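Below you'll find the structure, written out as structure tokens, and then a few comments.
Atoms within each ligand, like the ligands themselves, are counted from 1 in listed order. Not measured: the values here are computed from a predicted model.
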Amino acid sequence: MIADAPGGDGRRQPIRSYVLRGGRITNAQRRALDELLPRRGLPFAPALLDLDAVYGRSAPRVMEIGFGNGATLIELAASRPGTDFLGVEVHPPGIGQLLLGIEARGLANVRVIAHDAVEVLRHQIPPASLDEVLLYFPDPWPKKRHHKRRIVQAAFAALVASRLRPGGTLRLATDWEPYAEWMLEVLNAEPALLNAAANRRWIERPPGRGSTRFEARGQRLGHRVFDLEYRRL
Ligand SMILES: C[S@@+](CC[C@H](N)C(=O)[O-])C[C@H]1O[C@@H](n2cnc3c(N)ncnc32)[C@H](O)[C@@H]1O
């Protein structure tokens, strides 16, 4: 949920940063949703999570918003067993795919919430509890009339900043140049976030960021990829 807009019935409806696509779901993804989500997922509820209790330890915490099919999250979690990861996504086939990866790699440090990440941040994530927030290739909503659907908005910037620990990091990437400029404008204006680039614009591609499906798609289309990094002050 990004902001409120008038609904057709006169009541105010939330503007979402996604439209739930039907999409094909494989039998394996469906099984993963049925059998693994109850074990690896956390239900959405408007109550703060006790993250130490969720993971059974106190460790650095990383949240990925809109993980797609989860390839980046799986690689990160496998390479950093001392860090806890929370993936939040709304697309069922992608959630199923991530769960299959968690099972195949035997990852104990990943949990999933199948819900709008903005609501999860607002209601479930305690203030100053995250070390990193990852937002890779969010839907660019290129048409001007859809810009209000972009997840990166001033309220979102303030919300993410409030959930990061001081010194924590927000990492973003996009292959849509107008959205990269939009991100800069919105995030550079958030007083609790500092753009980590020397020129307050892009950083070099971080070596630790795995390639994502949407990055590969952008590259096939000849798009340049923009990486941004912000520190919580
Ligand atoms: C363009 S895809 C990128 C997926 C992945 N990060 C990648 O790079 O391959 C954007 C994803 O964000 C998800 N998404 C958009 N808004 C979201 C929200 N508010 N909460 C959770 N997921 C969201 C969509 O379902 C979609 O899977």
Over 60° means perpendicular and under 30° means parallel, so classify the ring planes of His146 and Trp141, tilted if in between.
perpendicular
Quick check on contacts: which atoms of ligand 1 are under 4.0 angstrom from a heavy atom of [X]?
{"X": "Gly68", "result": "4 (C), 5 (C), 27 (O)"}
{"X": "Ala117", "result": "18 (C), 19 (N), 20 (N), 21 (C)"}
{"X": "His115", "result": "20 (N), 21 (C)"}
{"X": "Ser17", "result": "15 (C), 16 (N), 17 (C), 18 (C), 19 (N)"}
{"X": "Thr212", "result": "7 (C), 8 (O), 9 (O)"}
{"X": "Tyr136", "result": "3 (C), 5 (C), 6 (N), 8 (O)"}

What are the two closest non-hydrogen atoms of Arg163 and Ile125, and how far apart are they?
NE-O, 3.0 Å
What is the minimum heavy-atom distance between Leu51 and Pro126, and which atoms define it?
CD1-CD, 4.1 Å
Examine ligand 1 and decide if any of its atoms is less than 4.0 Å from a heavy atom belonging to [X].
{"X": "Glu215", "answer": "no"}
{"X": "Arg21", "answer": "yes"}
{"X": "Arg16", "answer": "no"}
{"X": "Asp139", "answer": "yes"}

Just by modelled atom types, is the Ala161 backbone N or O under 3.5 Å from a matching donor or acceptor in the Arg232 side chain?
yes
Return yes if some donor-acceptor pair links the side-chain N/O of Gln29 with the main-chain N/O of Thr26 below 3.5 Å, else return no.
yes
If we ignore angles and hydrogens, is there a donor and acceptor under 3.5 Å between the side chains of Asn188 and Asn195?
yes
Consider only side-chain N and O atoms of His223 and Gln219, and report whether a donor and an acceptor are under 3.5 Å apart.
no
Under 6.0 Å from the six-membered ring centre of Tyr136 and within 45° of its axis: does the NZ or CZ of Arg209 meet both?
yes
Option with minimal heavy-atom separation from [atom], where the choices are [options]:
{"atom": "atom 1 (C) of ligand 1", "options": "Trp176, Phe137, Tyr18", "result": "Phe137"}
{"atom": "atom 14 (N) of ligand 1", "options": "Pro138, Gly66, Gly210", "result": "Gly66"}
{"atom": "atom 27 (O) of ligand 1", "options": "Arg217, Glu64, Glu89", "result": "Glu89"}

Is Arg24 atom CZ crowded by more than 12 heavy atoms from other residues, nucleotides or ligands, each under 6.0 Å away?
no
Is the closest N or O pair between Ile151 and ligand 1 shorter than 3.5 Å?
no
